[in-house]
Amino acid sequence: MDHLCRIYKDVLSPEVCKGMIEKFEKHPEQYEKHHKGVMSFSQIKLQHHKVWGEEVKILIKIYLEYIKEYKKVCLNGEYQWPEKYGFEEIRMKRYLPNGVDEFGDHVDVGNHANARRFLAFFLYLDNNVDGQTLFRIKGYHWSSPCIQGNLLIFPPFWPWVHAGRKPTKDPKYIVGSYLHYV
């Protein structure tokens, strides 16, 4: 199972990452705050705001390129891949180093509403000593460090329990989405 969790390095330039963080901070009116159960963060659904149009185009191009690579390397003809699929809306999230913000242990397919998801991908927009994505697969612990420009791709189902750890010094920014069955 662990071979289905992949990190692709330097897929987005530091300039674009920094620009997205600056734009996020300039638009607090777009924030949705989530503070319930194991999750605490602020997010912007990028496709809901015209100001993010250029970034959405860049991200979709990158996601498609690395999904193609993921299929070639990880699936290698051994697994079924849907003929048709689509993207869930792209969300940019900020976790503050306030001792509260994190996304505790969870899976990304846990109910009927999100059962269409079959692949998760998160792009880290900053370097953060803490704030990694930690996987707790039975007998196996693995983490994806929070390194600017790196893209994490993995299955969102029940065997891949993971957590977005708390940042401790600086805010953590990620932008991600999922592939859906259509």
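In this structure, F154 has its ring center under 6.0 Å from that of F122. Between F135 and W142, a ring centre-to-centre spacing shorter than 6.0 Å is recorded. If you look at Y181 and F118, their ring centroids are closer than 6.0 Å. The six-membered or imidazole ring of Y31 lies near that of F24, with a centre-to-centre distance under 6.0 Å.
Note: the hydrophobic cluster containing I147 does not contain F121 (ILVMFWY, side chain heavy atoms under 4.5 Å, direct or indirect links). Hydrophobic clustering of Ile, Leu, Val, Met, Phe, Trp and Tyr side chains at less than 4.5 Å, counting indirect connections, keeps L96 apart from M20. The same ILVMFWY cluster, assembled from side-chain heavy atoms under 4.5 Å apart, contains both I60 and L119. Using a 4.5 Å cut-off between side-chain heavy atoms of Ile, Leu, Val, Met, Phe, Trp and Tyr, with links allowed through other members, Y178 and V107 fall into different hydrophobic clusters. Placement of V161 and I7 in two distinct hydrophobic clusters is found when ILVMFWY residues are connected by side-chain heavy-atom separations under 4.5 Å, directly or transitively.
Proximity of a side-chain donor or acceptor of N111 to a complementary backbone N or O of N114 within less than 3.5 Å is detected. Between the side chain of H48 and the main chain of L46, no donor-acceptor pair closer than 3.5 Å is present. Looking at N150, its side chain does come within 3.5 Å of a backbone N or O of D10 through a donor-acceptor pair. No donor-acceptor pair under 3.5 Å is formed between the side chain of D101 and the backbone N or O of Y95. Using a distance-only test at 3.5 Å, with no hydrogens or angles considered, no donor-acceptor pair links the side chain of K172 to the main chain of P167.
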Task: Candidate pair H162 and T133, rule side chain to side chain donor-acceptor pair (under 3.5 Å), full reasoning - done: CA-CA 7 Å; H162 61 283; T133 304; over 6 Å; no

TODO: Report the C-alpha distance between F41 and F103 in whole Å, list the side-chain angles of each, state the deciding distance to 0.1 Å, and finish with yes or no for ring pair (Phe, Tyr, Trp, His ring centres under 6.0 Å).
DONE: CA-CA 8 Å; F41 55 84; F103 206 140; 5.7 Å; yes

Task: Test log, rule side chain to side chain donor-acceptor pair (under 3.5 Å), inputs H27 and H49 - done: CA-CA 10 Å; H27 292 285; H49 307 281; over 6 Å; no

TODO: Any chance you could lay out the side chain to side chain contact (heavy atoms under 4.5 Å, CB included) test for N128 and Y173, step after step, and finish with the verdict?
DONE: CA-CA 9 Å; N128 213 299; Y173 297 87; over 6 Å; no

Task: Verdict with reasoning, L64 to F87, per side chain to side chain contact (heavy atoms under 4.5 Å, CB included) - done: CA-CA 10 Å; L64 287 171; F87 283 93; 3.8 Å; yes

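Side-chain contact between S42 and H34 is absent, with no heavy atoms from C-beta onward closer than 4.5 Å. Residues I174 and L123 have side chains not in contact (no heavy-atom distance under 4.5 Å, counting atoms from C-beta outward). Within the 4.5 Å cutoff, side-chain heavy atoms of W52 are placed close to those of M92.
In E29, the CD atom is crowded: over 12 heavy atoms of neighbouring residues, nucleotides or ligands sit closer than 6.0 Å. Within 6.0 Å of NE2 on H112 lie no more than 12 heavy atoms contributed by other residues, nucleotides or ligands.
To the nearest 0.5 angstrom, K93 atom NZ is 10.5 Å from E32 atom CD. Here the CD atom belonging to Q30 is positioned 9.0 Å from the NZ atom belonging to K23, to the nearest 0.5 angstrom. Atom OH of Y70 and atom NZ of K72 lie 15.0 Å apart (nearest 0.5 Å). Between the CD1 atom of I62 and the OH atom of Y8 there is a distance of 14.0 Å, given to the nearest 0.5 Å. Here the CD-CE distance, from Q43 to M39, works out to 8.5 Å after rounding to the nearest 0.5 Å. Between the CG atom in D130 and the NZ atom in K169 there is a gap of 10.5 Å [rounded to 0.5 Å].
For the pair K18 and E15, the salt-bridge criterion is not met [side-chain N within less than 4.0 Å of a carboxylate O]. A salt bridge is defined here as a Lys NZ or Arg NE, NH1 or NH2 lying under 4.0 Å from an Asp or Glu carboxylate O, and E25 with R94 meets this definition. Ion pairing between R91 and E89 holds under the 4.0 Å rule for side-chain N and carboxylate O.
D105 is linked by a salt bridge (charged side-chain N to carboxylate O under 4.0 Å, His left out) to R136, counting only residues two or more places apart in sequence or in another chain.
A donor-acceptor contact under 3.5 angstrom links the side chains of Y124 and S144, judged on distance only.
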